[in-house]
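Please read the structure below before turning to the comments.
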Amino acid sequence: MAEHTTAPTDIASSTSGIATTTATTAATAATVPAAAAAAYAAPERPINVAILGAGRIAQKMATTLTLMAQDPTYRAYARPYAVASRDQARADEFAAQYGIPVAYGSYAQMLDDPEVDLVYIATPHSLHAEQAIACMEAGKHVLVEKAFTVNAEQAQHVIDMSWQTGRLCAEAIWTRYMPSRAMIRRLVEDGTIGDVCAISANLSYPTTHKQRIVDPKLAGGALLDVGVYPLNFIDMAIGGDGGGRSIARMETAMIPYKTGVDAQSTTTLFYDDGVMAVSTCSLLAVSDRDGAIWGTNGYLMCRNVNNVECIDVYDKDHALIRSIPVPAQLTGYEYEVVACASAIAAGSTECPDMPHADTLRMMRLLDQIRERWGLRYPCE
């Protein structure tokens with residue numbers, strides 16, 4: 001059994017029988033609407049979530065799980081159970097900070113714990129495939145941070161293991177699970193802005209001070225770190241996830257960083273029906289992060305494609321006719337956790353919000369972009 005620290009918290013001792021039941025929890029007063037979770041059936045008991053990694057993004061998931069456990073809308077779905085680090089002291093500190101009951105000083109200890117239901121993998125991209133496969137081989141379900149893997153070949157191996165083991169395997173690109181996704185799609189499809197002609201999305205943050213972002217050995221660079229968001233925004237709004245469009249042609253260019261990874265880039269996608277989409281990302285600059293969808297009768301401005309805050313609707317005279325707020329959230333990560341818990345309860349190996357086919361399609365697009373640039377990572 002793993003060496004760990006345990007807080008005085010009631011942890012369910014059985015990991016069997018995670019079956020679907022009707023959620024009966026009440027909504028929170030004003031923080032998060034119950035409608036966000038209503039579409040997902042809750043499991044018979046909250047799933048035990050272990051966090052693999054103890055960096056910044058792991059901290060956000062820990063905050064999310066702690067808030068979910070305290071929230072009457074979300075506590076039926078998941079509880080923070082454990083954190084795994086390569087260093088016991090760091091794991092203990094992380095667990096104490098977020099009130100997590102169990103802390104492992106190695107990843108192997110986590111794999112040996114039968115109480116773990118779902119592992120959230122929050123390590124560098126270069127480690128995702130190996131760790132996800134190991135978790136599923138140990139009987140754990142996995143929620144893997146974006147970028148899902150380094151390339152599509154690795155992604156296929158991971159998904160093959162999901163099929164072989166019957167374990168859930170989902171990509172943690174949070175914007176795919178958010179209510180804003182359906183809100184934007186409805187506005188696109190109901191003719192509010194007429195026929196869609198073009199779309200533009202960008203996301204940029206100055207992050208060259210972070211070693212993992214600029215290290216080619218860790219599959220660093222802007223594309224896999226932030227570029228996935230504008231590309232997924234485009235795909236969700238007008239693209240291949242049921243939109244009936246396919247990419248007919250692509251043009252792309254990038255400027256390298258001194259370490260050899262991509263510092264900033266732009267990619268233009270030309271769809272088979274004449275719609276054009278431009279995606280821009282950078283690890284050097286601050287950008288407005290907007291997503292714009294242009295139609296024959298008006299356009300949509302989606303503020304912050306990394307977590308849409310509101311959707312502004314303009315008419316053909318550039319007059320703002322509607323500003324649509326997005327539902328309040330705990331952190332935004334709760335949606336992917338709820339989707340995973342519901343899928344596990346249903347015995348599914350994938351989440352409908354980000355099925356394996358969508359993950360593979362997006363990974364192939366990332367591969368094609370990097371191939372045009374001539375960019376390969378040492379781990380490939």
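Just so you know, these numbers use all the heavy atoms, side chains as well, and skip hydrogens, waters and symmetry mates. Positions are given from 1 along the sequence. Bear in mind that the values here come from a model prediction, so they are computed numbers and not experimental data.
- Counting heavy atoms of neighbouring residues, nucleotides and ligands inside a 6.0 Å radius, atom CG of Asp288 exceeds 12 of them.
- Taking a cutoff of 4.0 Å between a charged side-chain nitrogen and a carboxylate oxygen, Arg303 and Asp312 qualify as a salt bridge.
- Remark: Glu309 CD is packed, more than 12 non-hydrogen atoms of other residues, nucleotides or ligands lying under 6.0 Å away.
- In terms of modelled atom types and a separation under 3.5 Å, the side chain of Arg86 and the main chain of Ser106 share no donor-acceptor contact.
- Applying the ring pair (Phe, Tyr, Trp, His ring centres under 6.0 Å) rule to pairs touching residues 197-216 yields nothing, sequence neighbours excluded.
- For the salt bridge (charged side-chain N to carboxylate O under 4.0 Å, His left out) test with Asp235, the passing option among Arg361, Arg364, Arg185 is Arg361; the others fail.
- Every residue was checked against the salt bridge (Lys or Arg N to Asp or Glu O under 4.0 Å) condition with Asp315, not counting sequence neighbours, and none meets it.
- Qualifying ring-ring contact (aromatic ring centres under 6.0 Å, His included) partners for Tyr257, counting only residues two or more places apart in sequence or in other chains: none.
- Taking each heavy atom of Glu334 and Thr64 in turn, the nearest pair found is N-CG2, 3.5 Å.
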Checklist entry - Should Gln164 and Asp160 be marked as a side-chain hydrogen bond (donor to acceptor under 3.5 Å, both in side chains) after you check the CA-CA gap, both sets of side-chain angles, and the distance that decides it? => result CA-CA 6 Å; Gln164 292 170 25; Asp160 286 347; 5.4 Å; no

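- For the pair Glu380 and Arg370, the salt-bridge criterion is met [side-chain N within less than 4.0 Å of a carboxylate O].
- Between the Arg90 side chain and the Ala54 main chain, a donor and an acceptor come within less than 3.5 Å of each other.
- Taking both residues in full, the closest heavy atoms of Tyr335 and Tyr177 are given as CB-O, 3.4 Å, listed atom of the first, atom of the second, then distance.
- The shortest heavy-atom contact between Met178 and Asn307 is CE-OD1, 3.3 Å.
- Considering every non-hydrogen atom in both Val188 and Ala237, the closest pair reads CG1-O, 3.8 Å.
- Tyr333 and Trp174 have their aromatic ring centers within a separation under 6.0 angstrom.
- A centroid separation of 6.0 Å or more is found between the aromatic rings of Tyr229 and Phe233.
- Taking 4.0 Å as the cut-off between side-chain N and carboxylate O, Lys146 and Glu336 do not count as a salt-bridged pair.
- At least one side-chain heavy atom of Lys140 sits less than 4.5 Å from a side-chain heavy atom of Val119.
- Applying the ring pair (Phe, Tyr, Trp, His ring centres under 6.0 Å) test to every pair with at least one member in residues 114-138, sequence neighbours left out, gives these pairs: His125-His128.
- Counted within 6.0 Å of CD on Glu93, heavy atoms from surrounding residues, nucleotides or ligands total 12 or fewer; the atom is thus considered open.
- Scanning both residues, Leu168 and Ile344, for their nearest heavy atoms gives CD2-CG1, 3.8 Å.
- Applying the salt bridge (Lys or Arg N to Asp or Glu O under 4.0 Å) test to every pair with at least one member in residues 203-224, sequence neighbours left out, gives these pairs: Arg212-Asp225.
- Between the Thr149 side chain and the Ala155 main chain, a donor and an acceptor come within less than 3.5 Å of each other.
- In this structure, Phe148 and Cys169 approach most closely via the heavy-atom pair CZ-SG, 3.6 Å.
- Contact of the Ile293 side chain with the Tyr299 side chain is not registered, since no non-hydrogen atoms from C-beta on lie closer than 4.5 Å.
- Counting only heavy atoms from C-beta outward, the side chains of Ile369 and Leu231 approach each other to under 4.5 Å.
- The main-chain N or O of Gly53 is never found under 3.5 Å from a side-chain atom of Thr123 such that the two would form a donor-acceptor pair.
- With a 6.0 Å radius and a threshold of 12 heavy atoms from other residues, nucleotides or ligands, Glu153 has its CD atom at or below the threshold.
- Looking at Ser342, its side chain does come within 3.5 Å of a backbone N or O of Ala41 through a donor-acceptor pair.
- Inter-residue side-chain proximity for Leu365 and Met250 is flagged as met; some heavy-atom pair is nearer than 4.5 Å.
- For the pair Tyr77/Val337, no side-chain contact is recorded, criterion being any heavy-atom separation below 4.5 Å from C-beta on.
- Side-chain contact check for Ile247 versus Phe270: every heavy-atom pair is 4.5 Å or farther apart.
- For the residue pair Asp272 and Ser246, a side-chain donor N or O sits within less than 3.5 Å of a side-chain acceptor on the partner.
- Side-chain contact between Met110 and Cys135: present, with at least one pair of heavy atoms (C-beta onward) separated by less than 4.5 Å.
- For Gln156, the CD atom counts as densely surrounded, since its 6.0 Å shell holds more than 12 non-hydrogen atoms of other residues, nucleotides or ligands.
- For Arg249, the side-chain hydrogen bond (donor to acceptor under 3.5 Å, both in side chains) partners two or more places apart in sequence, or in a different chain, are Glu251.
- Salt-bridge annotation for Arg245 and Asp273: present, with a side-chain N of the basic residue lying under 4.0 Å from a carboxylate O of the acidic one.
- Side-chain N or O atoms of Tyr377 include none that pairs as donor or acceptor with a backbone N or O of Asn151 at under 3.5 Å.
- In this structure, the side chains of Leu223 and Val228 stay at 4.5 Å or more apart for every pair of heavy atoms.
- Between Arg372 and Asp367, none of the side-chain N atoms (NZ, or NE/NH1/NH2) sits under 4.0 Å from a carboxylate O, so this pair counts as no salt bridge.
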